[in-house]
Asker: 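The structure is given below, and queries will be raised subsequently.
The chain is numbered in sequence order, starting from 1. Every value quoted in this text rests on a predicted model; they were computed, and no experiment measured them.
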Amino acid sequence: MRNRSTVLEFILLGLSCEAQTQVPLFVLFLVIYLLTLMGNLMLLLVVKMDAHLHTPMYFFLGQLSLLDLCHSSVTVPKLLENLLSVKKSISVEGCLAQVFFVFATGGTESCLLAVMAYDRFVAISSPLLYGQVMNRQLCAGLVWGSWGLAFLDALINILVALNLDFCEAQDIHHFICELPSLYPLSCSDVSASVTTLLCSSFIHFFGNFLLIVFSYIRILLTILGISSTSGRSKAFSTCSSHLMAVSFFYGSGLLRYLMPNPGSIQELIFSLQYSVITPMLNPLIYSLKNKEVKAAVRRMLRKYLWQFR
């Protein structure tokens with residue numbers, strides 16, 4: 001007969017078990033979370049309210065801000081709670097729910113970054129046909145497709161993971177629940193879940209990464225074909241913010257999952273990078289490096305300051 005799970009909750013050991021460091025860490029991550037909320041909400045509001053930004057590029061940017069809000073809200077509140085609590089527990093059901101939503105939001109962001117790379121390719125290679133190719137129906141379809149594929153991928157992984165049994169071990173050497181952190185705790189065969197995770201990661205995340213690389217190879221060839229230096233500089237500047245966002249997301253994500261020793265300090269740092277820090281940095285990257293966004297923010301601030309006078 002198959003063993004049944006006897007563990008009802010896990011213990012998230014988190015970033016530190018020392019009482020003197022938990023309060024400073026709580027303050028630090030609370031500030032980061034508040035900055036993430038304010039930055040992404042402001043970017044969403046600017047894209048929604050400013051007519052100059054009603055283009056496919058900024059439509060996708062608004063979706064990226066929404067995703068960053070969702071992804072950080074899945075991970076950071078529980079991290080903040082555990083920094084102030086003594087037990088630092090999470091139920092098995094709550095842990096699997098967090099696994100699902102971390103996988104779903106991260107997978108959607110992976111798809112969306114690939115979509116944004118394709119958008120930049122069309123804008124640079126066919127500027128005269130950009131509005132016709134990237135029409136409203138296609139943009140909406142690409143976004144809904146990104147959400148749908150990611151949630152389907154997360155659902156398949158979580159349905160397989162529901163068959164895992166947990167008998168004795170409870171300690172998760174991490175601040176969030178992720179599938180690789182649960183495998184050492186299982187007293188049942190994890191091969192099916194590991195295989196599903198590897199296949200979905202290869203198809204989904206590496207597939208999107210290859211699409212991004214292919215798009216930027218085509219973009220680079222197009223830019224090299226532009227005769228004027230100013231034209232090449234302007235074309236490249238439209239991609240620089242997206243390249244930084246891709247580097248932060250994929251760089252830290254790949255390094256986290258390639259760590260040979262789970263629960264190490266390096267693994268925790270890379271996990272913090274893509275799940276906590278990157279959602280805060282993305283609106284800053286796009287606001288500071290994009291003249292149109294900065295101009296839209298100034299217009300919005302002037303409008304609201306004028307209304308309060």
Side-chain angles (χ1 to χ4, degrees), residues 39-40 43 46-47 50-68 107-143 145-146 149 203-255 273-274 277-279 281-298:
N40 285 289
L43 200 53
V46 168
V47 171
D50 197 294
H52 297 85
L53 302 183
H54 290 176
T55 63
M57 174 182 173
Y58 296 107
F59 171 71
F60 295 133
L61 180 56
Q63 294 296 316
L64 182 63
S65 292
L66 178 61
L67 267 173
D68 284 335
T108 306
E109 185 155 346
S110 173
C111 289
L112 190 62
L113 289 172
V115 167
M116 294 173 76
Y118 174 71
D119 172 73
R120 292 299 81 210
F121 164 66
V122 175
I124 292 173
S125 63
S126 307
L128 298 179
L129 298 175
Y130 177 63
Q132 182 178 348
V133 174
M134 300 301 294
N135 55 64
R136 182 175 297 182
Q137 292 78 11
L138 178 62
C139 292
L142 289 172
V143 168
S146 298
L149 285 173
I203 295 171
H204 194 131
F205 291 94
F206 284 99
N208 286 324
F209 184 69
L210 289 175
L211 288 175
I212 293 171
V213 171
F214 178 73
S215 296
Y216 271 101
I217 290 173
R218 299 290 300 274
I219 288 171
L220 181 61
L221 293 175
T222 303
I223 290 175
L224 292 176
I226 298 174
S227 56
S228 65
T229 305
S230 61
R232 287 197 297 268
S233 177
K234 183 178 179 181
F236 182 76
S237 67
T238 64
C239 304
S240 58
S241 299
H242 180 258
L243 276 173
M244 290 183 67
V246 169
S247 300
F248 280 125
F249 180 80
Y250 275 98
S252 56
L254 288 174
L255 288 172
Q273 172 65 51
Y274 75 78
I277 306 299
T278 297
L281 292 179
N282 279 342
L284 292 175
I285 292 170
Y286 279 96
S287 298
L288 296 176
K289 294 184 66 64
N290 192 295
K291 294 180 180 179
E292 291 182 334
V293 173
K294 288 191 287 187
V297 170
R298 287 194 294 266

Asker: Roughly how far apart are Gln63 CD and Leu67 CG, rounded to 0.5 Å?
Answerer: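 Going from CD on Gln63 over to CG on Leu67, the span is 7.0 Å.
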
Asker: Please report the shortest heavy-atom distance between Ser125 and Thr222, naming the atom on each side.
Answerer: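 Heavy atoms only, the tightest pair is CA-CG2, 3.9 Å.
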
Asker: Ignoring hydrogens, what is the shortest heavy-atom contact between Pro279 and Asn40? Give both atom names and the distance.
Answerer: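 Minimum heavy-atom contact is O-ND2, 2.9 Å.
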
Asker: List the atom of Ala117, the atom of Tyr216, and the distance in Å for their closest heavy-atom pair.
Answerer: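 Residues Ala117 and Tyr216, closest heavy atoms: CB-CE1, 4.0 Å.
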
Asker: Which distance, rounded to the nearest 0.5 Å, do you find between the CG of Leu43 and the CG of Leu53?
Answerer: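 Going from the CG atom of Leu43 to the CG atom of Leu53 covers 8.5 Å.
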
Asker: Can you list everything that forms a side-chain hydrogen bond (donor to acceptor under 3.5 Å, both in side chains) with Tyr58? Sequence neighbours excluded, please.
Answerer: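 With neighbours one apart ignored, the set is Asn290, Glu292.
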
Asker: With side chains defined as the heavy atoms from C-beta onward, is the minimum distance between Val246 and Met116 less than 4.5 Å?
Answerer: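 They are not in side-chain contact.
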
Asker: Going from OG on Ser110 to OH on Tyr250, what distance comes out if it is rounded to the nearest 0.5 angstrom?
Answerer: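 Rounded to the nearest 0.5 Å, the OG-OH separation comes to 2.5 Å.
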
Asker: Which of parallel (below 30°), tilted (30 to 60°) and perpendicular (above 60°) describes Phe249 and Tyr274?
Answerer: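 Taking Tyr274 first and then Phe249, their aromatic rings stand perpendicular (interplane angle over 60°).
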
Asker: Could you state the interatomic distance from NE2 (His242) to CZ (Phe60), rounded to the nearest 0.5 Å?
Answerer: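 One finds 10.5 Å between NE2 of His242 and CZ of Phe60.
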
Asker: Should Val143 and Val115 count as side-chain neighbours, where that means a heavy-atom distance under 4.5 Å?
Answerer: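 Side-chain contact under 4.5 Å: no.
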
Asker: I need the Leu142 CG to Tyr118 OH distance, nearest 0.5 Å.
Answerer: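 So the CG of Leu142 and the OH of Tyr118 are separated by 8.0 Å.
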
Asker: Which atom pair, heavy atoms only, marks the closest approach of Tyr130 to Pro56?
Answerer: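 Taking every non-hydrogen atom into account, OH-CB, 3.3 Å.
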
Asker: Using a 4.5 Å cut-off on heavy atoms from C-beta on, say whether the side chain of Ile219 contacts that of Cys239.
Answerer: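 Yes, close enough: below the 4.5 Å cut-off.
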
Asker: Would you say the side chain of Asp68 lies within less than 4.5 Å of the side chain of Glu109, judging by non-hydrogen atoms?
Answerer: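 Side chain of Glu109 against side chain of Asp68, heavy atoms only: contact under 4.5 Å found.
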
Asker: Quick one: pull up CZ in Phe121 and CD1 in Ile217 and give me the separation to the nearest 0.5 Å.
Answerer: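 CD1 of Ile217 is found 11.5 Å from CZ of Phe121.
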
Asker: Measure from the side-chain N and O atoms of Thr278 to the backbone N and O of Gln273, and report whether any donor-acceptor pair falls under 3.5 Å.
Answerer: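 It does hold such a pair.
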
Asker: Is the shortest heavy-atom distance from the side chain of Ile223 to the side chain of Ile124 under 4.5 Å?
Answerer: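 SC-SC contact between Ile223 and Ile124 confirmed.
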
Asker: Would you say CZ of Phe59 has more than 12 non-hydrogen atoms from neighbouring residues, nucleotides or ligands within 6.0 angstrom?
Answerer: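 Yes.
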
